[in-house]
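The structure appears below as structure tokens.
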Amino acid sequence: MKKVIATTAAPGAIGPYSQAIDTGSFVYASGQIPINPATGEIPEGITAQTEQSLANVCAILEAAGLTVANVVKTTVFLSDMANFGPMNEVYGKVFTEPYPARSAVAVRELPKGVLVEIEVIAVR
């Protein structure tokens, strides 16, 4: 079983991919960059961008009938590892123990020049 998860409460896919795929047991969400789905705007700074990226993740999870409590793995892509501390502070306010497994990596650049992109895997 493979079901597409899509919501207007998160930015639409800007390419040939789905916001998320539900396999019945797991939901695999595509990386979310900090685009406000209502305005199309990208906030300034790593704190606001992390908040928006996580809000987009939460909206997709909600569309799948899940919450951040269902997340078992995250991957955080940063345009600069110097932003790890502020990102981690916001991240720690959204996720609670037991925390999901996580990878955080610096990449050369991200779509639309954003500072952060976050993808998740959640379990039912």
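Index from 1, following the sequence. Bear in mind that the values here come from a model prediction, so they are computed numbers and not experimental data.
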With a 4.5 Å cut-off on side-chain heavy-atom distances among I, L, V, M, F, W and Y, is there a chain of contacts connecting V90 to F95? yes
Same apolar cluster (I L V M F W Y, side chains within < 4.5 Å links), I35/V107: yes
Would you say the side chain of F77 lies within less than 4.5 Å of the side chain of E119, judging by non-hydrogen atoms? yes
Just verifying a value: how many Å separate S79 OG and L110 CG, rounded to the nearest 0.5 Å? 6.0 Å
What is the distance from atom CD of Q49 to atom CG of N83, rounded to the nearest 0.5 Å? 8.5 Å
For L78 versus F84, what's the shortest heavy-atom pair and its separation? CD1-CA, 3.9 Å
Check the hydrophobic clustering (I, L, V, M, F, W, Y; side-chain heavy atoms under 4.5 Å; chains of links allowed) and say if V94 and V120 are grouped together. yes
Heavy atoms, side chains only, cut-off 4.5 Å: are E89 and T50 in contact? no
In terms of heavy-atom contacts, V123 and L66 come closest through O-CD2, 4.3 Å
Using a 3.5 Å distance criterion without hydrogens, assess whether the side chain of Q32 forms a donor-acceptor pair with backbone atoms of S30. yes
How far apart are the closest heavy atoms of A63 and A6, and which atoms are they? CB-O, 4.4 Å
How would you list, by chain and number, every residue that makes a salt bridge (Lys or Arg N to Asp or Glu O under 4.0 Å) with R102, sequence neighbours excluded? none
Looking at every heavy atom in both Q19 and T7, which two are closest together, and how far apart are they? OE1-N, 2.6 Å
Test of understanding: clusters of I, L, V, M, F, W, Y form through side-chain heavy atoms closer than 4.5 Å, transitively. Do M87 and V68 belong to the same one? yes
Minimum-distance pair of heavy atoms, taken over all atoms of A10 and N56: CB-O, 3.8 Å
Step by step, would you call I121 with V71 a side-chain contact (heavy atoms from CB on, under 4.5 Å)? CA-CA 6 Å; I121 300 169; V71 174; over 6 Å; no
Residue pair L61 / T67, side-chain heavy-atom distance below 4.5 Å: no
Taking the side chain as every heavy atom from C-beta outward, state whether I33 and P11 have any atom pair closer than 4.5 Å. no
Any non-hydrogen side-chain atom of Y99 less than 4.5 Å from a side-chain atom of T74? no
Using the rule that Ile, Leu, Val, Met, Phe, Trp and Tyr join whenever any side-chain heavy atoms are under 4.5 Å apart, tell me whether I46 and V114 fall into a single cluster. no
Roughly how far, to the nearest 0.5 Å, is OG1 of T75 from CD1 of I118? 10.0 Å
Would you check if K112 and P34 make a side-chain contact, meaning some heavy-atom pair closer than 4.5 Å? no
Heavy atoms of Y91 and L54 approach each other most closely as CA-CD1, 4.0 Å
Is V27 close to R124 at the side-chain level, that is, under 4.5 Å between some pair of heavy atoms? yes
Point-to-point distance, once rounded to the nearest 0.5 Å, from NZ of K3 to OG of S18: 12.5 Å
Output side-chain donor-acceptor pairs under 3.5 Å for residues 36-45, partner residues at least two apart or in another chain, one line each.
unit_1: N36; atom_1: OD1; unit_2: A38; atom_2: N; d: 2.8
unit_1: N36; atom_1: OD1; unit_2: T39; atom_2: N; d: 3.2
unit_1: T39; atom_1: OG1; unit_2: E41; atom_2: N; d: 3.1

Do the side chains of L115 and D80 get nearer than 4.5 Å, heavy atoms only? no
